[in-house]
Structure formats: C-alpha cells, structure tokens
Amino acid sequence: MNICLVGVEYPKDTDFGGISTYQFLLSQALTSMGHKVSVICGTEKDDYEYYDHGIHVIRLHTMRWEETIDTYDSYRKKIKETILKLHQKEKIDLIETPEFSGEIVEFLKRRDIPVVVKLHTSYTIWSHLNQIQLPKPLHSHIMKNENLVLRYSDQVISCSELLKNMMPQYHSMSSIDSIKVIGNPANIQDFYPTPNNHQSHTILFCGSLERRKGIFVLAKAIPIIAKEVNDDSLRFQLIGNDTMIDRHGISMKELFLKQIPKKYHSMIEFVGVVPNRELNPYFNQARIGVVPSLFDNLPYVAMEELLTELPIVASSNTGIREMIVPNESGILYSPNDYKALAKGVIDLYLQPEIAKKMGQKGRKEILKKYSPAVIAKKNIKVYQDVIHRFEKNHSKMHVCLVNFEYPKDTIIGGISTYQKRI
C-alpha cells in the first residue's frame, strides 16, 4: 500500500508538538510493515525533499508563524499540486491528514484518492480553550475549512474517545457514530526507564506554557504542595516554550509567577524548550509528573513519562483516562480542582513505594495499548476498508445526458435515437 501523510508538523524542521511525533512514529511503523510512505510537511526554508529510512519526505515552505489568508490558501494549493504530481509519478492509495487548520481542503475539491482525517485537536477547539484567536478573518477562514475537511473526508479517526465525543460541541457534525477511535503509537525507542530513576525532589510539568495546559491550576497547587511536603529540596520544573499570546499582553511565564507568592519562586525552574528526543533524562530524573490540562486529547507527554515509569497526576478531562487505570497506574483529578491536584502530588511524594509501583504499572499499560505495531495494524485495517468503499462508490458512474431530443415526445432526428441507445 502507498500511503501519503499530509501535515505541516514533522521532525526536525517542524517538530512543533504531538502531531509531529504521531506522523513520525506512524510513518516508521507503516514502513517497517512493508508499506510505502510519503510525508508532505512544512519547513521555514525553501522547498526540498529527501528520503529518511525509506520514507519520502517532501517539505514545502510555510509561513505558519506569520500567516495571512493569502499565505494560508497558497500553502494549501501547493499541497494539492504536490499530491497530484506525486500521484502521477507513483499511484497513492490513501492520504491521511490531521484536522488542524484544514491543510488538505484544496485537494478535497476534486480528487481520485481516498482521504482519512485524524483528529488531534482542531484549531477551533484549541483557540476556544486557550481563549485566544488569530485575526478575525483568518480565524473564521480556518474554522470554515476545518469543517469542510471533516465533512468531505472518507473517514474520520479520533485518537481518543474523549475527543470524539467533544466534536459536536465545536464542529458541524450531526453524528459521531462513524468516527473510529485508534490511539497514537508510543515512542518506545526514545523513552524508557533508567537505573535509580525518580529519586529526586522534582515535580515536573512538560508542555507549552498556555492556559489549555492547565498551568494556572498548577500555579494554585504549588503553595499547597510546598507547605505540606515541607522539604527545602523540593523543586518544580517546567519544560516548554513560553508564549506571548495571553489577553493580558504579558508572557504566560510572567502571568504564572504572578499567581504564586514570591517566597516560592526560588523553587521554580523554567527549562524552556527541550527537543522531544532529549526528554528521557528529564523524565527519569523527576519524582512525579503533572499533567493539569483543562483538555488534552491523548497527550504524548503523559505517554512518554509513563514509559519511563514516572508516576503521574493528571486531569481527568484528558485522554490519559483511557491510558491508565485510576489509582493503579496513575492518579486522576477533576480539571480546575487545584486542591485535588496538590493532594495527588503530596500523596505520591510522601509514599515513594506506592509511587514506584504506580509508575511500573503505567509503563505496562502503555506498552500493551499503544505499541507502534498494534496501532499501525489498526490503521491499516481502517485504510483497507476506506479504499474498498471509495473504489466501490467511484465505480458506479452516473452519466446525465442533456439535450432537447429524446423518445417519445421529441423524436426529431438522429440525436433522439443516439441518446436512447446510449
């Protein structure tokens, strides 16, 4: 099978987040199973292409961080042209693309290749939960195109039941019954436990500093944790990029610190951005991981922390509730309940043996449910079904003949006879 993945995110040029990790791991898994894979993704450089371990990577120049309606449309037209050229050269059997920002909208207008859309978290949902948006015309343009991509794709897959069930709240979908749920492949190669791990005094948060990731819930929990633990060695480590997109006009880091009494500031360390494949030592060094997101589909950070046997305390409004068994392989609490977040961290911090067993069970859960081979096989089954349906539907050609003459009312000449015989 020849599969084309289309999405601006892909290591290393556009290693922005979870979609990047997903496309990389999926393409590797599919290739290892003998399938041919092409990836059409972005770059801030000029267009170029190459092969990486048998995967054909085609990078198109994007202005994602300085986007206008014109650059948005231009990039999507270039995606369409690239797919058509690739399809002409080597027949593509199926395309998979994320719903985020409707990257394949131009190609959907006229095509002979089936398209699967994978839900990760749309711009529509992201902007609502972060209480921010791009300039109004572009904001509306993106939301409209996301809905078009969802409506006219041949199959929608969600990475979690949670995200699937949220879709009607944000998108014009009358039913979600046809949406398949397939998790994301875990990065079992780069994330693993190391000897003598999780013995530090560090509570770790890893993710972009943004409202949706729950950093202000964490800010309220920090003073409670610090007071109850009463350990001078206690540290709170935050890994991730700071942002200047809050409505207050200051960075999220500044706003985060404003909500915490100054006497606790010395306990807080902002590490900044760390490349995904360099996170394993941080996860092994930490004592407890926190994932306080107000919403998160199926966060890779939790999956990767669990692979290192790091015990986690996480919001229940995330796909993590599908990864773990509560109180056995992780602790869940209701989103925004900073007191419950604090209690979960305190309990694990003061009971290291329980925390260790919980982390070990967490790793086993991830290996069982999200190994790349397991996920890729599920994807292939859906791909095969979609291709079969697509070919079946397109084999039934509907021809409409338009002309004045046709028996019996208008038997005027040869055209009438011709149309009847046709």
Side-chain angles (χ1 to χ4, degrees), residues 5-10 14-23 40-42 44 60 62-80 95-108 115-153 156-160 162-173 176 179 184 207-214 240-241 243-247 252 293-300 317-319:
L5 303 181
V6 178
V8 69
E9 296 185 26
Y10 194 78
T14 47
D15 205 355
F16 299 146
I19 295 176
S20 169
T21 302
Y22 167 78
Q23 295 209 139
I40 300 174
C41 52
E44 293 181 347
L60 306 178
T62 178
M63 297 180 68
R64 178 168 173 168
W65 303 116
E66 302 174 19
E67 203 151 57
T68 64
I69 288 180
D70 286 343
T71 60
Y72 174 96
D73 289 341
S74 176
Y75 182 72
R76 279 143 188 80
K77 288 175 182 175
K78 191 185 287 188
I79 287 173
K80 175 185 176 180
I95 294 169
E96 183 186 311
T97 185
E99 89 282 31
F100 188 86
S101 79
E103 289 186 44
I104 206 166
V105 67
E106 286 292 329
F107 178 75
L108 281 175
V115 172
V116 169
V117 170
K118 179 69 180 277
L119 304 180
H120 293 275
T121 295
S122 66
Y123 167 79
T124 304
I125 296 174
W126 176 87
S127 62
H128 174 80
L129 293 176
N130 277 314
Q131 299 178 19
I132 56 171
Q133 59 179 275
L134 295 168
K136 187 67 175 178
L138 180 58
H139 175 78
S140 301
H141 194 56
I142 293 175
M143 291 198 302
K144 180 190 76 173
N145 285 333
E146 283 184 341
N147 280 319
L148 288 173
V149 165
L150 289 167
R151 186 182 308 162
Y152 293 111
S153 63
V156 177
I157 302 174
S158 176
C159 64
S160 66
L162 174 67
L163 182 56
K164 170 183 173 177
N165 292 327
M166 284 180 63
M167 292 305 288
Q169 298 173 236
Y170 295 95
H171 292 280
S172 54
M173 303 182 76
I176 59 171
I179 297 177
N184 294 340
S208 297
L209 303 186
E210 60 182 55
R211 188 175 299 277
R212 179 177 69 91
K213 295 292 184 180
N241 61 303
T243 57
M244 298 291 293
I245 54 178
D246 189 80
R247 67 179 186 276
M252 286 298 209
S293 303
L294 304 181
F295 163 76
D296 226 327
N297 49 35
L298 196 74
Y300 261 112
N317 196 36
T318 65

Using only atom types and a distance under 3.5 Å, with no angle test, would you say the side chain of [X] pairs donor to acceptor with the backbone of [Y]?
X: Gln23; Y: Glu9; value: yes
X: Glu106; Y: Arg76; value: no
X: Arg212; Y: Phe295; value: yes
X: Ser160; Y: Leu298; value: no
X: Lys164; Y: Ile179; value: yes

Could you check whether any side-chain heavy atom of [X] comes within less than 4.5 Å of a side-chain heavy atom of [Y], counting everything from C-beta outward?
X: Tyr22; Y: Leu5; answer: no
X: Tyr123; Y: Leu134; answer: yes
X: Lys118; Y: Asn184; answer: yes

Non-hydrogen atoms of [X] and [Y] that approach each other most closely:
X: Gly102; Y: Val149; answer: CA-CG2, 3.8 Å
X: Leu162; Y: Gly319; answer: CD2-N, 3.7 Å
X: Gly18; Y: Tyr300; answer: O-CE1, 3.6 Å
X: Val117; Y: Pro98; answer: CG1-C, 4.2 Å
X: Leu163; Y: Ser158; answer: CB-OG, 3.6 Å

Give the intermediate values and the outcome of side-chain contact (heavy atoms from CB on, under 4.5 Å) for residues Asn317 and Leu294.
-> CA-CA 6 Å; Asn317 196 36; Leu294 304 181; 5.6 Å; no
Say whether Thr97 and Glu103, considering side chains only, have a donor N or O and an acceptor N or O under 3.5 Å apart.
-> no
Could you give me the CA-CA distance, side-chain angles and deciding distance for Ile132 and Trp126, then say whether side-chain contact (heavy atoms from CB on, under 4.5 Å) is met?
-> CA-CA 9 Å; Ile132 56 171; Trp126 176 87; 3.4 Å; yes
Working to the nearest 0.5 Å, report the span between [atom1] of [X] and [atom2] of [Y].
X: Asn130; Y: Ile125; atom1: CG; atom2: CD1; answer: 12.0 Å
X: Ser293; Y: Arg211; atom1: OG; atom2: CZ; answer: 13.5 Å
X: His171; Y: Thr124; atom1: NE2; atom2: OG1; answer: 4.0 Å
X: Arg151; Y: Met173; atom1: CZ; atom2: CE; answer: 10.5 Å
X: Leu150; Y: Ser122; atom1: CG; atom2: OG; answer: 7.5 Å
X: Tyr72; Y: Thr62; atom1: OH; atom2: OG1; answer: 11.0 Å

Would one find more than 12 heavy atoms of other residues, nucleotides or ligands at under 6.0 Å from atom CD of Gln169?
-> yes
Worked check of side-chain contact (heavy atoms from CB on, under 4.5 Å) between Leu129 and Glu210 = CA-CA 10 Å; Leu129 293 176; Glu210 60 182 55; over 6 Å; no
